[in-house]
Structure formats: structure tokens, C-alpha cells
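Please read the structure below before turning to the comments.
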Amino acid sequence: MGSGPERDRGGHLPRLREQWSESSDPENEFEYTASLVICHACGIAAKTAKAHQDNKGTTDGLHVHVKHRKHARG
């Protein structure tokens with residue numbers, strides 16, 4: 001295995017879609033910015049799982065199914 005994070009076939013970092021060779025180059029250390037984005041689906045999934053755990057529920061095999069309310073109305 002090579003060093004560094006896992007890359008896709010194009011040499012990109014999977015979540016960032018940036019070239020590893022460019023994004024890891026020391027000359028580019030301060031050339032990137034980042035911002036936080038709230039994923040409301042992820043947030044409700046985490047809250048639901050936490051409530052389950054707080055009620056002594058096991059997380060073994062737990063999957064959280066998230067549906068958008070607008071699309072769940074049928």
C-alpha cells in the first residue's frame with residue numbers, strides 16, 4: 001500500500017475530489033479554504049441514534065433510515 005489517504009482511480013481524494021499530488025504539496029499548504037455545511041438529514045439521523053442509545057438500545061447492526069418528509073407523504 002502507498003502512503004497517504006486512499007485515492008480513487010483518478011488520484012483524487014474521494015471525499016474532497018482534489019488531486020492528492022496537488023493537495024499534499026507543501027507549496028499549497030495555505031491555498032485551500034474550508035467551510036462547514038449542516039446536513040439536516042445527517043443531524044436527525046445522529047439525534048435519532050443517540051436517543052436510541054440513551055434509552056439503552058443497542059447499536060449492533062443499527063441502520064438509520066432517513067426520509068425527507070415531503071417525499072414520505074406519498
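Note that this is a predicted model, so its numbers are computed, not measured.
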If you round to the nearest 0.5 Å, how far is [atom2] of [Y] from [atom1] of [X]?
X: Arg69; Y: Ile44; atom1: CZ; atom2: CD1; value: 7.0 Å
X: His65; Y: His63; atom1: NE2; atom2: NE2; value: 12.5 Å
X: His68; Y: His40; atom1: NE2; atom2: NE2; value: 9.5 Å

I want to check something: taking the side chain as every heavy atom from C-beta on, are Thr48 and Lys50 in contact at a cut-off of under 4.5 Å?
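When only atoms from C-beta onward are counted, Lys50 and Thr48 do not touch, as no gap falls below 4.5 Å.
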
Nearest heavy atoms of His52 and Leu62, plus distance in Å:
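Scanning both residues, the minimum pair turns out to be CD2-CD2, 4.2 Å.
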
Report yes or no: does Asn28 contribute a side-chain atom to a donor-acceptor pair with the main-chain N or O of Glu22 at less than 3.5 Å?
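Judged by distance alone, yes, a pair lies under 3.5 Å.
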
Got a donor-acceptor contact below 3.5 angstrom from the Asn55 side chain to the Ala51 backbone?
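Yes.
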
